[in-house]
Amino acid sequence: MSSEDRIRAELVAAARELGAPDPIEPTLTRPSDPSFGDWSTNLAMTLARPLKKRPAEIAGLLRDRMKLSDAGVESVEIAGPGFMNFRLDPALIAEGVREVISSNESFGKSDAGHGEPVNVEFVSANPTGPLHVGHGRQAALGDAISTLLEWTGWKVSREFYYNDAGVQIENLARSVKARLDAIAGGEVSIPEGGYHGEYIREIAERYAAMHPADAKSADMNSIREFAVAELRKEQDLDLQAFGVKFDTYYLESSLYTDGRVEQVVQKLNANDMTYESDGALWLKTSQFGDDKDRVMRKSDGTYTYFLPDVAYHVTKWERGFHRAIDVQGADHHSTVTRVRAGLQALDIGVSKQYPEYVLHQMVTVMKSGEEVKISKRAGSYVTVRDLINEVGGDAVRFFFLMRKSDSQLVFDIDVALKQSEENPVYYVQMAHARMCGIFRVGGIDRESFSAEGIDLSVLREPEEQELIKALADFPDVVAGAAEALEPHRIATYLSETARLAHLWYHKHHVLGEPEEIMNARLALARASQIVIRNGLHILGISTPERM
RNA sequence: GCGCGCGUAGCUCAGUUGGAUAGAGCGUCGGCCUCCGGAGCCGAAGGUCGUGGGUUCGAGUCCCGCCGCGCGCACCA
C-alpha cells in the first residue's frame, strides 16, 4: 500500500472514531507550497459541519488518532483554516523512482475502463477539400483522447465519418464540372455554394486527362465519384502526414444504400414522433430539449443532415459501443441537442447523454504578428498540410493540445519554429533528450538500466524531491485527463515536469559523482525520461534522443 | 434577440472538479558564462481573476444580472 493510501485509510479510521457520517472520502492533494509538506487534506474542514466542531480542533483530534509512524510520515502539521499537512520521509519519496523504472512503458496506465469498448469519432470532414486547421485541432484532440482512454483501460475504436452524400457533394461535382468546362474552352462560372479552391482545378485537370473524350460533356455521376475519391485520398495523405490512423471509416452514403435512414424514419413515425407540415416531415425534437422542432425530410424529398446522423449513431450503439465520444468544432454545437433528441425519440434504450461531445473552439494562425487566413491551394482557408510543412507535425500536435478545447486557440508559427526553450514542444523534447544524453555520454545502456540494488535514499536535494513527486503524480494526471477528456492537462503537466527536470539537470551532476550518488541520479534521469516519453506518446509526439 | 463558449500579470495561457499568500512561459528590469549541450542559469517587479450581487466557514472555480469577444440560430453540414 502506498503512503498516500495509508494516510487516507488512517484518516477514514480516525474520522469514524470521531463519529463522522459515512461516506468518508478524504481527498489528498499536493499543498500549494511544497514547504508545507508532501500531502495535504481538507478533511477536517469538511467535517466541521457534521461534527459541529471547529476545523482546527477536528484536525487535532484526527491527528491524535492516526497511526502513521510506520507509513513513512515524518510529521503532521495543522495549518491555515484547518488543513492537515503530511510530511513524508524523503527516502520514501525517492522510492517512487523505482516503480517508474520497473513499470517503464506501462507507467501511468490504469484500468477505469475495464476493457469496455468506446467509439471516438473525429475529423469527419466532408470530402470537399483539403483538411483545414480546425480539422487539425480535431485530429490532435481526438487522437490524444483516444490514447488517453486506451491508457485508462478502454478498448478504443477511432472512427472517421464521411459525409459523402448530400448537397455539399453535389456542389463539389458542379464545381469540378465548371472547371472542366473551362478546360474545354468555356467560361469559368463556379456555381452558387460551389468550391473555389485551386484544388478543384487540379481535380478537373486530372479528370480531363483520364477522360479525354468526354471532358466537355462529362457525366455528373462520374465526376462526383472521381472528385470524392480524389479528396478522400488527399485527406488520407493529410492524416498520414499528421500520423493519425483510424480503425473505421464510415460512409454516410452507406446509410442510404443499406436502408438505415429509411428504417429510422419509419421507427420515428411509428413512435409518433413526427408530423407533416408545409410539405416537410418534422421531428418533435422540442420534446427533448430543443428550442423548436426540426425538419428531417425536406419538401423535395431529401433528408436534412441530422437524420443520417441519427441513423449513424444508432449503428454505433448497435455495433456495441455503449459509450461514444464525438469530437467536433463548436460551430456544429447545435447538432448536439438534435442528435440526442433523435436517439431519444427512437426510444432504443440509449442514455440521454449519448453520445458525449467534445467541442473545440476556432483556431487562428499567426505569422509575423499577422493573422494568416488563406492557403494557395484551398483558397479560403489554411490547411493542416500548410501548417505541418511549415513547423512540423510535433509542433502542430503540441500547440493544438496545449490549450483547453473550449478556448479559442492562437497558433503562433513564429514560436512553433523556434529552436529554443521559448518553444514549449522543444522545451519538453529537450528535457527528454537531456536525460537520454546523460546515458549516452556516460556510455550506459539506458534500456537495460535497472534500479535494483541502488540506494535511492540519497536523492534528497530539493530539486530531486520535487522532480520525483511530479513523476509520481503522472498516473493521477493521466487518469484525470482521461476522465475529463482533456488532453491539455498532459501538455501542461509535461511542461511543468520538463521544467523540474531542467532545473535538476542544471543544479546537479550525474556523471562523475561518487558512485552511490551517480547511480541514484541515473535512476532519476531514467525515470524522468520514461515519464516524459510516456506523456509525449499519449499526445502523439515524437521523443528524440538528441536534438 | 435567443442558445453555447470564453474573459486570470504588458502578451500567450494554467489553475488538481469549492480550499492556504492566484501560478507558468514570453516580455521588462537586475545579476551570472571554464560545467553530463549556454539553443543557458539565478533573482525581482508585475493582479480589484471583465463587472455587480448571491450561496458558503471559504469562490478564479457554483448561482443570478450586466458588459465585452467568438460561434451558432436553414427545408446547409
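Each chain gets a letter, A, B and so on, in the order its sequence line appears, and its residues count up from 1. Fair warning: this is a prediction, and the values are worked out from it, not measured in the lab.
If you check every strand for non-hydrogen atoms under 4.0 Å, A/Val441 touches sugar and phosphate atoms only. Nucleic acid contact class of A/Pro31 (heavy atoms, under 4.0 Å, all strands): base. Among the atoms of the strands shown, none is found under 4.0 Å from any heavy atom of A/Phe439. A/Gln419 comes within 4.0 angstrom of a base, heavy atoms only. Contact annotation for A/Tyr427: no contact, since no heavy-atom pair falls under 4.0 Å across all strands. A/Ala433 comes within 4.0 angstrom of no nucleic acid atom, judged by non-hydrogen atoms across all strands. No contact: A/Met402 has no heavy atom under 4.0 Å from any strand. Across all strands shown, A/His360 has no heavy atoms under 4.0 Å from either base or sugar-phosphate atoms. When heavy atoms are screened at a 4.0 angstrom cut-off, A/Asn163 is found touching the sugar-phosphate backbone but no base atom. Among the heavy atoms of the strands lying under 4.0 Å from A/Asn85 is at least one base atom, whether or not backbone atoms are also near. Contacts of A/Ala79 with the nucleic acid, taken as non-hydrogen atoms under 4.0 Å apart, include base atoms.
Checked against the 6.0 Å centroid threshold, A/Tyr162 and A/Tyr250 do not count as a close aromatic pair. In this structure, A/Phe122 has its ring center at least 6.0 angstrom away from the ring center of A/Phe160.
Comparing B/G54 with B/U12, their C1' atoms are spaced 33 Å from each other, to the whole Å. Nucleotides B/A45 and B/G50, compared at atom C1', are 24 Å apart to the nearest Å. The C1' atoms of B/A9 and B/C66 are separated by 25 Å, rounded to the nearest whole Å. Straight-line distance between the C1' atoms of B/C2 and B/A44: roughly 50 Å, to the nearest whole Å. A gap of 22 Å separates the P atoms of B/C69 and B/C64, to the nearest Å. A gap of 38 Å separates the C1' atoms of B/G38 and B/A20, to the nearest Å. B/C63 sits 11 Å from B/A59 when the C1' atoms are compared, rounded to a whole Å. B/A14 sits 13 Å from B/C49 when the C1' atoms are compared, rounded to a whole Å.
Aromatic stacking of A/Tyr305 on B/C76: not satisfied for centres closer than 5.5 Å together with planes under 30 degrees. With centroids closer than 5.5 Å and planes inclined by less than 30 degrees as the test, A/His509 and the base of B/C36 pass as a stacked pair.
One interatomic measurement links the two molecules: CD1 of A/Ile438 to P of B/C35, which rounds to 17 Å at whole-angstrom precision. The interatomic distance linking A/Tyr493 (OH) with B/G15 (C1') rounds to 17 Å, in whole Å. A/Ile517 has its CD1 atom 16 Å from the C1' atom of B/C36, to the nearest Å. Here B/C75 presents its P atom at 11 Å from CG of A/Asp290, a figure rounded to the nearest Å. Regarding A/Gln361, its CD atom lies at a distance of 12 Å from the P atom of B/C13, rounded to whole Å. Taking atom NZ on A/Lys507 and atom C1' on B/G40, their separation rounds to 16 Å, with Å as the unit. One atom, CD1 of A/Ile490, and another, P of B/U16, lie 15 Å apart when rounded to the nearest Å.
Residue A/Ser40 has its side chain nearest to B/A20 when only B/A20, B/G27, B/C71 are considered. Closest to the A/Asp278 side chain, of the nucleotides B/C75, B/A77, B/C26, is B/C75. Side chain of A/Leu503, nearest nucleotide from B/C42, B/A20, B/C71: B/C42. For A/Tyr505, taking side-chain heavy atoms from C-beta onward, the closest of the listed nucleotides B/G72, B/G5, B/C36 is B/C36. Closest to the side chain of A/Lys404, from the set B/A77, B/C4, B/A14, is B/A14. Distances from the side chain of A/Ser334 to the nucleotides B/A77, B/C75, B/G38 place B/A77 closest. Of the candidate nucleotides B/C26, B/G72, B/U56, B/U56 has the atom lying nearest to any side-chain atom of A/Arg49. The A/Asp406 side chain lies nearest to B/G5 when the options are B/G5, B/G72, B/G38. Checking B/C76, B/C13, B/A14 against the side-chain heavy atoms of A/Lys298 singles out B/C76 as nearest. Checked against B/G38, B/A20, B/C75, the side chain of A/Ser32 finds its nearest nucleotide in B/A20.
A donor-acceptor pair is defined here as one N or O able to donate and one able to accept, closer than 3.5 Å; such a pair exists between the side chain of A/Thr152 and the backbone of A/Leu149.
Checking the phosphate oxygens (OP1, OP2) of B/C36, no side-chain nitrogen or oxygen of A/Arg434 falls inside 4.0 Å. Contact check, A/Lys292 against B/C73: no side-chain N or O comes under 4.0 Å of OP1 or OP2. Residue A/Thr29 places none of its side-chain N or O atoms closer than 4.0 Å to OP1 or OP2 of B/U17. An OP1 or OP2 oxygen of B/G15 is reached within less than 4.0 angstrom by a side-chain nitrogen or oxygen of A/His488.
Between the side chain of A/Ser299 and the base of B/C75, at least one donor-acceptor pair of N or O atoms lies under 3.5 Å. With hydrogens and angles ignored, no donor-acceptor pair closer than 3.5 Å exists between the side chain of A/Thr304 and the base of B/A77. Contact annotation: side chain of A/Asn42 to base of B/A20, donor-acceptor pair absent below 3.5 Å.
Using a 4.0 Å cut-off between charged side-chain N and carboxylate O, A/Glu545 and A/Arg533 make no salt bridge. The pair A/Asp326-A/Lys316 counts as a salt bridge, with a side-chain nitrogen and a carboxylate oxygen less than 4.0 angstrom apart.
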Step by step, would you call A/His508 with A/Glu463 a side chain to side chain donor-acceptor pair (under 3.5 Å)?
CA-CA 9 Å; A/His508 305 290; A/Glu463 294 79 9; 2.9 Å; yes
Exercise for review: I would like to know whether A/Asp473 and A/Tyr493 meet side chain to side chain donor-acceptor pair (under 3.5 Å); could you show each step before the answer?
Suggested key: CA-CA 9 Å; A/Asp473 284 343; A/Tyr493 168 83; over 6 Å; no
For a side chain to side chain donor-acceptor pair (under 3.5 Å) check, start with the C-alpha distance between A/Glu464 and A/Trp504, then their side-chain angles and the critical distance, and finish with the verdict. CA-CA 6 Å; A/Glu464 296 176 326; A/Trp504 172 69; 3.3 Å; yes
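In this structure, B/C32 and B/G40 make a Watson-Crick or G-U wobble pair, each of the two defining distances being under 3.5 angstrom.
Ring geometry, A/Tyr357 versus A/His313: the interplanar angle falls from 30° to 60°, so the pair is classed tilted.
Between A/Leu359 and A/Asp331, it is A/Leu359 whose nearest contact on RNA chain B lies nearer the 5' terminus. Across the interface with RNA chain B, nearest-nucleotide mapping of A/Ala484 and A/His333 shows A/His333 to be the residue nearer the 5′ end.
Anti is the classification of B/U28, since its glycosidic angle lies more than 90° from 0.
The residue from A/Asn423, A/Thr543, A/Asp394 that alone fulfils the side chain to side chain donor-acceptor pair (under 3.5 Å) condition with A/Gln429 is A/Asp394.
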